[in-house]
Amino acid sequence: MQRERVAENVFYFQSDLYAQVTAGAVIGPNWAVVIDTLAIPEETLQIRDFIEQELNLPVRYVVNTHYHADHAWGNCFFPGATVIGHTLCRKQLATQGQVSLQEARKQNAAFRRIKIVLPHLTFDESYLILRVGKKTLSMFPLPGPCADNIGILVEEDRVLFAGDAFMPLPYIVDGNIDDMVVSLKKIGKMGLENVVPGHGDIVLRGEIDGAVKENQAYLSALRKAVRKAARRKYPMDILAEIGVEECGKSRVLIGGLAVELHRRNLRALYYQLYGEIPKANPGEDDEDFSDDYDGELIS
Ligand SMILES: [Zn+2]
């Protein structure tokens, strides 16, 4: 796991083991706030050890940017903390999250240590402010990757923990492209020093504008590609040919997962726009892509 200091008393962590997923911590004089919990228990425990052993402070709050496994399943490793999230995050963890955990436990023994802990404190339409020493954490809805995604702004430092509303490759399979566009626009206008994306490297002030535009361009290219495919008899065959690079993004992003995430984006967007699964030529090998629509570990 990588650890980096973003601003005074603000840290960011990035997984070496799973999809470059990130987490954060804001350190106060007497206690700390953790933002997201990473995917693999041993990395979550490294965050806990850093705060509790090295800094010698208890974790009083854990904020979940959204309900996905790699961001919220580590809540159980902070038993003394109050968990904060969107109202929908609580709902999704209680339903989809429990189902996914049962599946994950069958496949990987590491997940047998996990117990889903639902947010104790929730909000939806508006925002929530948490003061940590001299820092003000503003939490607000930032949907797109999923309906429950929130952003956490450290106001004094202009550091935004964006959850999956910001990624090296936008991922909309569990969310909505229009929401994603709105959230990206909002991020671009916030006057930020840093954006901590839900996956990948931190984005610095001078890079934010370009990164927002690049993600917007990718979403436009995605939409164009899906519309083009929809005009054909077998849209799936066309979608299968539209590579991530054709939509302006590199294959190596998110540890090489970009190719697969892009493939799922195309099919999910088709479904979002036309309300049906794209037809494939029955003569070709039929691909099973039911996995595109369920709650897998990513993202
Ligand atoms: Zn994620």
Side-chain angles (χ1 to χ4, degrees), residues 2-15 20-28 32-38 47 61-68 70-72 84-86 89 123-172 175 179-216 218-219 253-254 299:
Q2 316 288 321
R3 183 182 80 220
E4 211 177 298
R5 181 183 166 282
V6 186
E8 197 189 355
N9 293 322
V10 181
F11 292 90
Y12 130 96
F13 310 90
Q14 188 189 101
S15 173
Q20 297 177 341
V21 63
T22 72
V26 180
I27 312 297
V33 179
V34 166
I35 298 169
D36 282 350
T37 61
L38 301 184
I47 297 178
Y61 294 97
V62 174
V63 185
N64 294 147
T65 60
H66 59 294
Y67 80 98
H68 288 164
D70 46 346
H71 300 263
I84 303 176
H86 194 285
C89 171
F123 69 105
D124 41 41
E125 296 288 297
S126 182
Y127 56 90
L128 186 68
I129 302 236
L130 177 64
R131 290 192 176 276
V132 192
K134 289 177 181 156
K135 311 240 180 198
T136 314
L137 268 54
S138 300
M139 308 175 207
F140 55 92
L142 203 56
C146 43
D148 66 323
N149 194 78
I150 61 169
I152 297 104
L153 175 69
V154 187
E155 289 197 4
E156 291 74 7
D157 302 311
R158 303 307 295 169
V159 172
L160 176 70
F161 290 88
D164 285 357
F166 210 93
M167 282 172 61
L169 183 87
Y171 187 58
I172 54 156
D179 287 346
M180 188 69 108
V181 169
V182 171
S183 288
L184 277 173
K185 201 169 170 189
K186 186 170 183 166
I187 291 169
K189 285 182 174 172
M190 285 178 75
L192 298 168
E193 203 55 46
N194 300 114
V195 179
V196 180
H199 298 254
D201 295 334
I202 197 159
V203 187
L204 307 174
R205 184 172 55 181
E207 306 164 339
I208 294 172
D209 226 29
V212 165
K213 289 202 174 98
E214 199 189 291
N215 278 1
Q216 286 168 332
Y218 170 74
L219 293 174
L253 297 172
I254 322 180
S299 57

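Since this is a predicted model, take the numbers as computed values, not measurements. Residue numbers run from 1 in the order of the sequence given.
Note that the CG atom of Asp124 and the SG atom of Cys89 stand 12.5 Å from one another [nearest 0.5 Å]. Here the straight-line distance linking atom CD of Gln2 with atom OG1 of Thr22 works out to 12.5 Å at 0.5 Å rounding. To the nearest 0.5 Å, the span separating CG on Asp164 from OH on Tyr171 amounts to 10.0 Å. For the atom pair Ile208 CD1 and Leu192 CG, the distance stands at 5.0 Å (nearest 0.5 Å). Between the CD atom in Glu214 and the CG atom in Leu184 there is a gap of 11.0 Å [rounded to 0.5 Å]. Between the CG atom in Asp36 and the CD1 atom in Ile47 there is a gap of 9.0 Å [rounded to 0.5 Å].
Between Cys146 and His68 the shortest side-chain heavy-atom distance falls below 4.5 Å. At a threshold of 4.5 Å between non-hydrogen side-chain atoms, the residues Ile150 and Val63 count as touching. Between Phe123 and Pro141, some side-chain heavy-atom pair lies under the 4.5 Å cut-off.
Between Glu156 and Lys134, the shortest heavy-atom distance links the atoms OE2-O, 3.4 Å. For the pair Val203 and Ala211, the tightest heavy-atom approach, listed with the atom from each and the gap, is CG1-CB, 4.1 Å. The nearest pair of heavy atoms linking Leu142 to Gly151 is CB-N, 3.7 Å. The two residues Ser183 and Ala165 make their nearest non-hydrogen contact at CB-CB, 4.4 Å. Across Val132 and Ile27, no two heavy atoms sit closer than the pair CG1-C, 4.2 Å. Between Pro168 and Gly200, the shortest heavy-atom distance links the atoms CG-CA, 4.1 Å.
Lys135 places a side-chain N or O within 3.5 Å of a backbone atom of Glu8 that can act as its donor or acceptor partner. Listed for the Asn215 side chain is no donor-acceptor partner under 3.5 Å among the backbone atoms of Pro170. Of the possible donor and acceptor atoms, one in the side chain of Arg158 sits under 3.5 Å from a partner among the backbone N and O of Met190. Side chain of Gln20 to backbone of Gln14: no donor-acceptor contact under 3.5 angstrom is found. Panel note: side chain Asn149, backbone Ala162; a donor-acceptor pair is recorded below 3.5 Å. The backbone N or O of Tyr67 sits less than 3.5 Å from a side-chain atom of Asp148, completing a donor-acceptor pair.
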Discussion item. Side chain to side chain contact (heavy atoms under 4.5 Å, CB included), that's the test. Do Gln216 and Lys185 meet it? Break it down for me.
Written reply: CA-CA 8 Å; Gln216 286 168 332; Lys185 201 169 170 189; 4.2 Å; yes
Item to complete: Take Leu204 and Asn194 through the test side chain to side chain contact (heavy atoms under 4.5 Å, CB included) and record every step on the way to the result.
Response: CA-CA 5 Å; Leu204 307 174; Asn194 300 114; 3.4 Å; yes
Worksheet item: Could you walk me through whether Val6 and Asp157 pass the side chain to side chain contact (heavy atoms under 4.5 Å, CB included) check?
Response: CA-CA 9 Å; Val6 186; Asp157 302 311; over 6 Å; no
Item to complete: Please assess Tyr12 against Ile35 for the test side chain to side chain contact (heavy atoms under 4.5 Å, CB included), listing each intermediate value before the final yes or no.
Response: CA-CA 9 Å; Tyr12 130 96; Ile35 298 169; over 6 Å; no
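Ring orientation note: the planes of His71 and His66 are tilted relative to one another, at an angle of 30° to 60°.
When Ile152, Val159, Leu153 are each tested for a side chain to side chain contact (heavy atoms under 4.5 Å, CB included) with Leu137, only one passes: Ile152.
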